[in-house]
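So the structure is just underneath, and the comments pick up after that.
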Protein chains: 2
Amino acid sequence: MAKAIADRAEVVPQLAEVFRAHGYEGATLALITEATGLGKGSLYNFFPGGKEQMAQEVLASIDLWFTDHIYAPLRSAADPAAGIAAMFAAVDSYFRSGQRVCLVGVVALGAARDLFADAVKTYFTGWIDALAHSLRRLGHDKAAARHMAEQAVLAIQGALVLTRALDDTRVFTRALATVRAQVLAKP
Amino acid sequence: MAKAIADRAEVVPQLAEVFRAHGYEGATLALITEATGLGKGSLYNFFPGGKEQMAQEVLASIDLWFTDHIYAPLRSAADPAAGIAAMFAAVDSYFRSGQRVCLVGVVALGAARDLFADAVKTYFTGWIDALAHSLRRLGHDKAAARHMAEQAVLAIQGALVLTRALDDTRVFTRALATVRAQVLAKP
DNA sequence: ATCACCTTGTACCAATCGGTACAAGCCGTC
DNA sequence: GACGGCTTGTACCGATTGGTACAAGGTGAT
């Protein structure tokens, strides 16, 4: 019938928003159709694997974004403290001060965790590893750096939960500032 | 047909486990029937309001448990530090070292948040208030106590997310120990 | 023993789920 | 301008969703 070459590149972020808002099982094809403007025909043409493939590609694109905008800068920053500061700025902007939710965290808590276990683990270990790397350069020993990185990532996830629970973005802002200060404190 | 007086008191915890494992929307009546051993007839006899009422009562029972076992002891403990230590022990046991997930957190992240917004807010504000109360008694000023309590609760939630994401309960144990030390440090 | 009431299993309901089939149409290529 | 290959809308599929109706059966009070 038509040809609108709806590019994957613009569909995947729309899919991401649907999964974020409704979770994996809650993201029905009806919602996906509505959010993307694509009928089932197009959807299954682009993603023959159905919902599962859509979610996999969304998770892959998220991982790519974090790699490009957070993990890599964390590793290549001339000044590790500056790299960490940039990370917190990127996180605040990515999660819209807590209004946006972390899809990977949502998946991890849900029943679909097993389906996407690899992607979930890759995301979090990638983040913790990159941050721990910066912390070592900052002068922390290996064990302390890993532990501190883990604690920081976990606090960000918790901040997203609590922010949504209390429906107050100031929670997120406060939490981010606190973790930032802890992480950037002199070893 | 039968009479088995399946008491509410034993059904609600079973419901809680189903909601925890599958989320609100993911907890289908088929799963609920299987987990409780109760047919639809009994289920809708006990909970005329359907799934929503089941979830509300589960959330209420969770709030009651936390009030009895955590918030109240936190307030009435002769030694505030002992009360806080007891809280961490209770949390570790309740969440089975991170193998169990926080239903309230799961709901807060999901699409059903608006349906249960009141219960979710009550749970978290209750927790933060009680902990902040203990921290004041420990010598922190009002603002610092609130801030520290918020940070502790949020770290516990984040620890649950990360523990499930990495499928490693040691994450939870480490995180809990860290937060405990931060919170119990001399003001 | 009777009776009213509570509990329960089963059949059933419309709506929606994820997914498939396929014809109709648009496109670039020759 | 005809062709072949993508892209798309629509109709359709069986399975499952949350929920209702109700008859059958069990229980306790009398």
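Hydrogens, waters and symmetry mates are skipped; everything else that's a heavy atom, side chains included, is used. So that the names make sense, note that chain A is the first sequence line, chain B the second, and so on, each numbered from 1.
The NZ-C1' distance, from Lys40(B) to dG19(D), rounds to 7 Å in whole Å. Atom CD1 in Ile32(A) sits roughly 12 Å away from atom C1' in dC17(C) (whole-Å rounding). Look at CE on Met54(B): it is 14 Å from P on dT17(D), rounded to the nearest Å. Put simply, CZ on Phe47(A) is 15 Å from P on dG18(C), counting in whole angstrom units. If you measure from atom CG of Leu15(A) to atom P of dG18(C), you get 13 Å, rounded to the nearest angstrom. At whole-Å resolution of the value, CD in Glu25(B) and P in dC17(C) are 12 Å apart. Note: CG (Leu29(A)) to C1' (dT20(C)) measures 12 Å, nearest angstrom. Distance CG (Leu43(A)) to P (dC17(C)): 14 Å, rounded to an integer number of Å.
Residues Gly41(A) and Gly37(B) each lie close to DNA chain C; by heavy-atom proximity, the contact nearer the 5' end of the strand is made by Gly37(B).
The side chain of Asn45(A) places no N or O atom within less than 4.0 Å of a non-bridging phosphate oxygen (OP1 or OP2) of dT8(D).
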Apply salt bridge (Lys or Arg N to Asp or Glu O under 4.0 Å) to residues Arg136(A) and Asp141(A) and explain how you reach the verdict. CA-CA 6 Å; Arg136(A) 286 213 66 179; Asp141(A) 68 65; over 6 Å; no
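When the nucleotides dT8(D), dG19(C), dT8(C) are ranked by their closest atom to the side chain of Ser42(B), dT8(C) comes out on top. Comparing dG18(C), dG18(D), dT8(D) by their nearest atom to the side chain of Thr28(B) picks out dG18(D). For Tyr44(A), the listed nucleotide lying nearest its side chain is dG19(C); candidates were dG18(D), dT8(D), dG19(C).
The backbone N or O of Arg113(B) lies less than 3.5 Å from no partner atom in the side chain of Arg164(A), so there is not a single donor-acceptor pair. Although no hydrogens or angles enter the test, the distance criterion places a donor-acceptor pair under 3.5 Å between the side chain of Arg137(B) and the main chain of Ala78(B).
Among the candidates Lys51(A), Glu57(A), Gln56(A), the single residue satisfying the side chain to side chain donor-acceptor pair (under 3.5 Å) test with Gln53(A) is Glu57(A).
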